[in-house]
Amino acid sequence: MKTKKLKVGTFMGHTQKMRTLNGFTLSKTGHNQNMKVPRHEHENPYISLLLFGVYHEESSISEYDLKPGSSLFRPKGFEHKNEIGTENSFCFNIEIEKELPDKKHYSKVSNHIQFEWNNLEVLKIFYAFQNDFSEELLTLMVEENLYHLFKQQHSENTIGRAFWVEKIKKEIRLNPEKMYRLDEVAWSLHVHPNYFVRKFKEKTGFTFGEFLLRQRVSRGIDLMLHSSKPLTEIASECGFYDQSHFIRHFKRFFGTTPYRYREIVKG
C-alpha cells in the first residue's frame with residue numbers, strides 16, 4: 001500500500017483542537033478504538049504525546065506498545081503505522097515548522113526518539129495549550145521547553161557510556177517513592193560519590209536530586225490523570241512528605257496547583 005503523505009495540521013484521526021503559532025502547530029487528536037491506521041508520514045517533524053488509551057506503532061526501524069504518558073519525536077518523512085487498542089486514544093502533537101536555534105542540542109533531531117515517560121517539558125506545553133495561553137506566551141512555552149527537552153536528549157546521546165547511570169535511572173523510575181541517599185546509591189553501584197555526582201549530571205543534565213524529584217512529579221501526574229485518588233494519597237505514593245510538599249514542588253514545575261492542573265488537563 002502506498003504511504004500516505006500528510007500536510008501540516010493533518011492527522012489520520014479526528015482533530016479536537018488546534019493552535020497555529022509562528023513556526024509551530026499544536027493539536028489534540030483522537031482515534032477510535034481498534035482503528036488500524038495505515039502507513040503514513042508527516043510533512044514536518046513533530047512530537048506526539050499519548051494522553052489516553054494505548055496503541056501499537058510499527059516502522060522499518062522500531063516497534064512499540066505505547067501507554068499514556070509516552071511521547072515520541074518523529075522526523076520529517078518518518079513512515080509508520082498504528083493500531084489503536086480497545087479504547088479510544090487521544091494524542092497531543094507539536095509540529096515543528098521552523099529551524100530550531102542552538103544547533104548543538106538538536107544535532108540528532110533527524111532521528112526517531114522515544115522520550116522519557118511523562119516528560120515534564122512536553123506536559124508543560126500541553127498544559128499551556130489546554131489552558132488557552134495567549135499566542136505569544138504559548139510560543140515562548142514551546143520554544144523554551146523544546147530547548148530543554150532536546151538539550152537533555154543531547155546529553156544522554158553524546159557523553160560516553162555509563163551503564164550504572166541507566167541502572168539507577170531505571171530503579172528511580174520504577175520506585176520514585178523510595179528514600180535514596182546519594183552516597184549509599186553510589187557505593188552500591190561501585191563508584192565514588194564524587195564521580196557519581198559529576199557523571200550523573202553530565203549524562204542526564206540533572207543532579208541526582210533533580211532527577212528524583214522529576215520522577216516523583218511524573219508519577220504524581222500519572223496518578224492524578226488516571227485515577228481518582230486524592231492528593232494526600234498521591235503525595236504519599238510518590239515519595240513526598242505530605243500533600244503540601246507535593247503541591248509546593250508541583251508549582252515549581254507548572255506554575256499552578258495539582259488541583260488546577262488536573263481540572264484543566266482532564267477537561
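Everything quoted here is computed from the prediction, not taken from an experiment.
Side-chain contact, Thr25 with Glu97: a donor N or O sits under 3.5 Å from an acceptor N or O.
Between His80 and Tyr46, the ring planes are tilted. Angles from 30° to 60° get that label. The aromatic rings of Phe250 and Tyr261 lie perpendicular to each other, with more than 60° between the two planes, well past the 30° mark. Relative ring orientation between Phe206 and Phe211 is described as tilted, the plane-to-plane angle lying within the 30° to 60° band. Ring orientation note: the planes of Phe196 and Phe200 are close to parallel, at an angle under 30° on the 30°/60° scale.
Distance check: Lys151 NZ to Leu146 CG gives 14.5 Å after rounding to the nearest 0.5 Å. Within the model, atoms NZ of Lys36 and CD1 of Ile84 stand 10.5 Å from one another, a figure rounded to the nearest 0.5 Å. One finds the CG atom of Asn93 at 9.0 Å from the CZ atom of Phe129 (value rounded to the nearest 0.5 Å). Rounded to the nearest 0.5 Å, atoms SG (Cys91) and NE2 (His31) are 6.5 Å apart. Residue His192 holds its NE2 atom at 10.5 Å from CG of Asp183, rounded to the nearest 0.5 Å. To the nearest 0.5 angstrom, Leu72 atom CG is 10.0 Å from Ile113 atom CD1.
When hydrophobic side chains of Ile, Leu, Val, Met, Phe, Trp and Tyr are connected at separations under 4.5 Å, Met179 ends up as a singleton with no cluster partners.
Note that Lys203 lies outside the cation-pi zone of Trp164, set by a 6.0 Å cut-off to the ring centre and a 45° limit from the axis.
Both Phe126 and Tyr259 belong to a common hydrophobic cluster when Ile, Leu, Val, Met, Phe, Trp and Tyr are linked at side-chain heavy-atom distances under 4.5 angstrom. Note on Val265 and Val142: same hydrophobic cluster, where clusters join Ile, Leu, Val, Met, Phe, Trp and Tyr whose side-chain heavy atoms are under 4.5 Å apart, directly or indirectly. Criterion: ILVMFWY side-chain heavy atoms under 4.5 Å apart, direct or through other members. Under it, Phe246 and Tyr127 are part of a common hydrophobic cluster. A single hydrophobic cluster is not seen to contain both Phe92 and Val37; linkage of ILVMFWY side chains at heavy-atom distances under 4.5 Å, directly or through other members, places them apart. Under the 4.5 Å side-chain contact rule for hydrophobic residues, Met18 and Met12 do not share a cluster.
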For this session: For side-chain contact (heavy atoms from CB on, under 4.5 Å), just list the numbers for Phe78 and Ile61, CA-CA rounded to whole Å, side-chain angles, deciding distance to a tenth of an Å, and then say yes or no.
Result: CA-CA 10 Å; Phe78 181 76; Ile61 64 169; 3.8 Å; yes
For this session: Start with the C-alpha distance between Gln16 and Phe90, add both sets of side-chain angles, then the distance that settles side-chain contact (heavy atoms from CB on, under 4.5 Å), and finish with yes or no.
Result: CA-CA 9 Å; Gln16 294 187 328; Phe90 297 91; 3.1 Å; yes
For this session: Go through Ile221 and Leu120 one step at a time and tell me if the side-chain contact (heavy atoms from CB on, under 4.5 Å) criterion holds.
Result: CA-CA 9 Å; Ile221 289 173; Leu120 297 185; 4.0 Å; yes
For this session: Decide yes or no on side-chain contact (heavy atoms from CB on, under 4.5 Å) for Val54 and Asp65, but give the supporting numbers first.
Result: CA-CA 7 Å; Val54 296; Asp65 286 311; over 6 Å; no
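Of the charged side-chain nitrogens involved, none lies within less than 4.0 Å of a carboxylate oxygen, so that Lys201 and Glu210 do not count as a salt-bridged pair.
Although no hydrogens or angles enter the test, the distance criterion places a donor-acceptor pair under 3.5 Å between the side chain of Ser70 and the main chain of Lys67. Remark: side-chain polar atoms of His42 are not paired, donor with acceptor, to backbone N or O of Gly77 under 3.5 angstrom. Between the side chain of Glu95 and the backbone N or O of Gly9 there is at least one donor-acceptor pair closer than 3.5 Å. Judged by distance alone, the side chain of Ser218 and the main-chain N or O of Gln215 form no donor-acceptor pair under 3.5 Å. Within the 3.5 Å criterion, the main-chain N or O of Glu83 finds no donor-acceptor partner in the side chain of His56.
By the 4.5 Å heavy-atom criterion applied to side chains, Phe24 and Arg19 are not counted as neighbours. Looking at heavy atoms from C-beta onward, Asn175 lies in side-chain contact with Tyr180 at the 4.5 angstrom threshold. Put simply, the side chain of Ile247 does not reach to within 4.5 Å of the side chain of Phe240, judged on heavy atoms. Here the side chains of His226 and Asp222 are in contact, with some heavy-atom distance below 4.5 Å. The shortest side-chain heavy-atom distance between Leu66 and Gln114 falls under the 4.5 Å cut-off. In this structure the side chain of Phe52 never reaches within 4.5 angstrom of the side chain of Asn88, judged on heavy atoms. Proximity of Arg198 to Asn194: side-chain heavy atoms (C-beta onward) are nowhere separated by under 4.5 Å. Put simply, the side chain of Arg260 reaches to within 4.5 Å of the side chain of Asn131, judged on heavy atoms.
Closest approach of Trp117 to Pro68, counting heavy atoms only: NE1-O, 2.8 Å. Across all their heavy atoms, Thr86 and Asn34 have their closest contact at CA-OD1, 3.8 Å. Smallest separation of non-hydrogen atoms from Glu58 and Arg39: O-NH1, 4.4 Å. Summarising the geometry of Gln33 relative to Glu87, their closest heavy-atom pair is CB-C, 3.6 Å, with the distance given to 0.1 Å. Among all heavy-atom pairs drawn from Phe11 and Leu6, the shortest one is CA-CD1, 4.1 Å. Nearest heavy-atom pair across Ile47 and Val122 is CG2-CG2, 4.3 Å.
Counting non-hydrogen atoms of neighbouring residues, nucleotides and ligands closer than 6.0 angstrom, the NE2 atom of His14 exceeds 12 such neighbours. The environment of Lys266 atom NZ is dense: over 12 non-hydrogen atoms of other residues, nucleotides or ligands sit within 6.0 angstrom.
Of the residues Glu57, Glu41, Glu43, the one that meets the salt bridge (charged side-chain N to carboxylate O under 4.0 Å, His left out) test with Arg74 is Glu57. The one candidate from Glu171, Arg219, Glu237, Arg214 that meets the side-chain contact (heavy atoms from CB on, under 4.5 Å) condition with Pro176 is Arg219.
For residues 122-141, the pairs satisfying salt bridge (charged side-chain N to carboxylate O under 4.0 Å, His left out) are Lys17-Asp132, with sequence neighbours left out.
Judged as a side-chain hydrogen bond (donor to acceptor under 3.5 Å, both in side chains), and not counting sequence neighbours, Lys4 has no contacts.
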